[in-house]
Structures are given as structure tokens and as C-alpha cells.
Amino acid sequence: MKKAHILGLTLCLALAGVSTGASAKGCLKGAAAGGVAGHFLHHHGLVGAAAGCAVGHLHAKHQAARDTNATRHG
């Protein structure tokens, strides 16, 4: 196996071990889209998945805040 694969697998296992079960709304969709995009753009699937997860989570957070404000004022 390549060093990058071993490093990626080690990082994933380490993150899985310390995860606290936080809300991951939007992360799965973003990670899937980012991983596919990263794979096709110079084979950076892990980086794309991480960035997609962050962007998807941020989008879901903004959407939840928008929905909360709409119910308060609506």
C-alpha cells in the first residue's frame, strides 16, 4: 500500500475513535459530493470529502438558523 493510503486510513480510524456523536447534518451529502469531485480533480478524494463535509455542515447550520428565524417571525 502507498504511504498516502496508510496515512489516510490511520487518520480516519483516529477520527472515528474520538468522535463524540455531534450533529453531522449536511456532512454526508457534502462529503460524498466533495469526494467525487476531488477524485476527478487530480485524485484528491480525501481532501475533497473533508472540504465537502465542512461546507455541507456549514450550509445546514445556516439553513437551520434561517428556519428558526422564519418560525419566530412568521
Side-chain angles (χ1 to χ4, degrees):
M1 283 178 50
K2 293 182 180 180
K3 286 184 180 180
H5 287 122
I6 294 171
L7 179 64
L9 181 61
T10 304
L11 180 63
C12 288
L13 290 174
L15 288 175
V18 296
S19 67
T20 59
S23 176
K25 291 186 178 186
C27 182
L28 293 177
K29 288 181 186 177
V36 170
H39 174 72
F40 286 113
L41 298 173
H42 305 290
H43 301 287
H44 293 293
L46 290 176
V47 175
C53 177
V55 171
H57 181 69
L58 183 66
H59 179 71
K61 184 177 173 182
H62 284 279
Q63 184 67 34
R66 208 174 307 133
D67 291 345
T68 302
N69 288 336
T71 56
R72 284 188 194 163
H73 299 294

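Treat the numbers as computed from the prediction; the structure is a model and nothing was measured. Side-chain atoms are counted along with the backbone in the values below, which use heavy atoms only and exclude waters and symmetry mates.
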Worksheet item: Who passes side-chain contact (heavy atoms from CB on, under 4.5 Å) against His62, sequence neighbours left out?
Response: Leu58, Arg66
Discussion item. Among residues at least two apart in sequence or on other chains, which ones pass side-chain contact (heavy atoms from CB on, under 4.5 Å) with His44?
Written reply: His42, Val47
Worksheet item: Under the disulfide (SG to SG under 2.5 Å) rule, what pairs show up with a residue in residues 26-68, not counting sequence neighbours?
Response: Cys27-Cys53
